[in-house]
There are 2 protein chains.
Amino acid sequence: MANLKQLSEKLGLSQTTISRALNGYPEVSEATRRRVIEAAREHDYEPNSSARRLATGKSRTIGHVVPISHHDMINPHFTDFIAGAGAVYNRRGYDMLISVVDSAQEAATYRALKRNGRVDGIIVHAPIVRDPRPAMLRKLGLPFVVHGRTLDDEASYAWVDVNNCRAFREATQHLIGLGHRRIALVNGLEHMAFAQRRREGYESALREAGIAVDGTLMSSDEMIEPAGYEAMRRFLALAEPPTAVLCASALSALGVMGAAREDNLLPGTGISIICYDDCLSFLDIGPDGMGLTVMRSAIREAGEHCASMLIDRIEGRQTAGRILLEAKLIEGRSTARCRPAPGRRAAHKAPATPG
Amino acid sequence: MANLKQLSEKLGLSQTTISRALNGYPEVSEATRRRVIEAAREHDYEPNSSARRLATGKSRTIGHVVPISHHDMINPHFTDFIAGAGAVYNRRGYDMLISVVDSAQEAATYRALKRNGRVDGIIVHAPIVRDPRPAMLRKLGLPFVVHGRTLDDEASYAWVDVNNCRAFREATQHLIGLGHRRIALVNGLEHMAFAQRRREGYESALREAGIAVDGTLMSSDEMIEPAGYEAMRRFLALAEPPTAVLCASALSALGVMGAAREDNLLPGTGISIICYDDCLSFLDIGPDGMGLTVMRSAIREAGEHCASMLIDRIEGRQTAGRILLEAKLIEGRSTARCRPAPGRRAAHKAPATPG
DNA sequence: TTGTAGGCGTTATCAA
DNA sequence: TTGATAACGCCTACAA
């Protein structure tokens, strides 16, 4: 059945009553409600969403703007975030609108989404250190939740983030506790807010332990396999290569391990590796999949939190406004006490010395 | 400015005229048109999309239904496909609606999308060998394009696919030409239509060369890193391990190479590896990124083709209906002439023998 | 508890 | 070339 009118004629009821019955208004008698619901199912009726949107002024749609730029790449972590958010939308009756735009168009896209009422709210992805988007969206009057948070004005909007600083601090401390002092960091791009905080955590742990921060042991790039590989190659070419590496993503770690293996360094033996684990489903590091030591926090859950929080706000429900997730250290076999292993690459440059 | 009415009052023109001017109808004088367009920009007016949809009966939205099931995973190849399709939607003024649903809900979701007019068309992802979706969507009267094609009724709907059979045949022939006879296949899940065709291509090349098809040299699983790893471990445990491996995805290849390295087999030396390359941006195998020999066809372009074709059909334009893309063999350093290399794992089980 | 009537912001059909 | 006016399909005061 196409529309309300037809159904109302068929049932001999007014459109109003049917609408009320279907939308759960209290003033409808249980008998009619049952009759209406039954008839709706039978005739396969469902309200036209455009009409409903026009009448209510709500779109029941959440927008995700995905700027495409570096290597024309969509961040591979995006898939799992979307899986989490999408499940919530589905459950709560919202649609997910994804706009793939040139990064220069991003601001214009937000304005357009607002202007023509296509979305009720926005999820902001991958905030940079000082990001103009929160202020802009606030000015537009478009509800939004940020996945992550900026460095300068995080108190002024709703966000869901992982405690990246603490996570990387803890990971670094763990390595220090194992006796490592040459600890490398394979970080994400450092204009990203999260990468900045991760570096902060890493450096603070080093300083606390009286270890000098060494720029040659840090890299900053996209969190993808080839970047991890290149970074590790550079580290291994140093006069004093690291004995441990901290990776910002399992994808980077893949590259790091590849480069390490080329030098006959096995994780947990020749080198200690610990990586931040978003629980990317397509890598499936799993409870023990790769035996890696990880700092774990599922990006998928972040997606769920973002979606829930945004919908709550749109619907005027009370909400936390800020959720800070804690990553959890899970020991695997890729980290071990620091002792220059036989066959270590550095060994034939400088004979193994204690300390 | 919020709506047509206000703009019309401001300009002293009827809503009709303004609508016509903005939508490029021919019967408007150039003078008024210019005036209207100018005013629209100045007052930041844009038609409300719900209202327009209601009036036209078109949603200008394309739906992608993503069933989530295996390991709660969204296929990682999805991101790049979306990047391609999304760019086209953006250019042609369409929205992309993504529904993440439980795989049991998929059919119901299509029906719902049709019923309430949320989308003008659908992209069907990852068809299985005999897939009910094309018939179902046809019956629903929902325009669609399939990325890939079924085995039984491919002639009955529009699709964009890679010539998987030919690609895998050619890849296998290439390895055979290098003298390999123990060639393994790390395939995708074989209820998927594309995986079936790939296997077909692989087997036909073997048969043509008089090489027996050996079930122990074939694996079929998700195209992700850990699955590739496991498959390769099994192959390497065989009495006569393969001298060459054909991988269905760069992600599987990553796992395969990892397992190979653990046995001191280097690609291009101890073992030949060739993989199907979707040009996943986050792996960035690149023109020479990893030096792999690949069969290449960008999944991103498939996304573009699908989107264009679907929009053409929705708008009643003439269209090809079928696009068969050819993958291209690109030689890297991961394939070499077959000769049992020193240190090959099989060597200490059976001394190297020619042939 | 049910119905009537008006409005949501466009587009489309007629007249003028 | 322009303008009334009626859809489009639903929701929601207000009335009964």
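Just so it is clear: chains get the letters A, B, ... in the order the sequence lines come, proteins before strands, and each one is counted from 1. Keep in mind that what you see is a predicted model, and the values were worked out from it rather than measured.
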Checklist entry - So, is A:T56 close to the D:dC10 phosphate, meaning a side-chain N or O under 4.0 Å from OP1 or OP2? => result no
Could you tell me how far apart [X] ([atom1]) and [N] ([atom2]) are, to the nearest whole angstrom?
X: B:L54; N: D:dC11; atom1: CG; atom2: P; result: 12 Å
X: B:K5; N: D:dT5; atom1: NZ; atom2: C1'; result: 14 Å
X: B:L13; N: D:dA4; atom1: CG; atom2: P; result: 10 Å
X: A:Q15; N: D:dT12; atom1: CD; atom2: P; result: 14 Å
X: B:K58; N: D:dC8; atom1: NZ; atom2: C1'; result: 13 Å
X: A:N3; N: D:dG9; atom1: CG; atom2: P; result: 5 Å
X: A:E9; N: D:dG9; atom1: CD; atom2: C1'; result: 13 Å
X: A:E27; N: D:dC11; atom1: CD; atom2: C1'; result: 12 Å

Checklist entry - Take atom CD in A:E9; do more than 12 heavy atoms of anything else shown fall under 6.0 Å from it? => result yes
Next on the checklist: Would you call the rings of B:F282 and A:F282 parallel, tilted or perpendicular, taking 30° and 60° as the class edges?
Outcome noted: tilted
Item to check | Parallel, tilted or perpendicular, as decided by the 30° and 60° cut-offs, for the rings of B:F144 and B:Y157 | outcome: tilted
Checklist outcome for this item: 5'-most contact on DNA chain D (nearest-nucleotide basis), B:R33 vs A:T16, goes to B:R33
Checklist entry - Do the charged groups of A:D120 and A:R53 touch, with an N to O distance under 4.0 Å? => result no
Checklist entry - Below 4.0 angstrom, N of the basic side chain to O of the carboxylate: do A:E30 and A:R33 qualify? => result yes
Next on the checklist: Applying a 4.0 Å non-hydrogen cut-off, can you work out what B:T32 is touching in the nucleic acid: base, sugar-phosphate, or nothing?
Outcome noted: sugar-phosphate
Checklist entry - Under 4.0 angstrom, heavy atoms only, what part of the nucleic acid is B:R20 near: base, sugar-phosphate, or nothing? => result base
Checklist entry - Rounded to the nearest 0.5 Å, what separation is found between the CG atom of A:L310 and the CZ atom of A:R92? => result 9.5 Å
Next on the checklist: So which atom in B:R118 and which in B:T61 form the shortest heavy-atom distance, rounded to 0.1 Å?
Outcome noted: O-CB, 3.5 Å
Checklist entry - When you list every nucleotide of DNA chain C with an atom under 4.0 Å from a heavy atom of chain A, which one comes first 5' to 3', and which comes last? => result C:dT1 to C:dG9
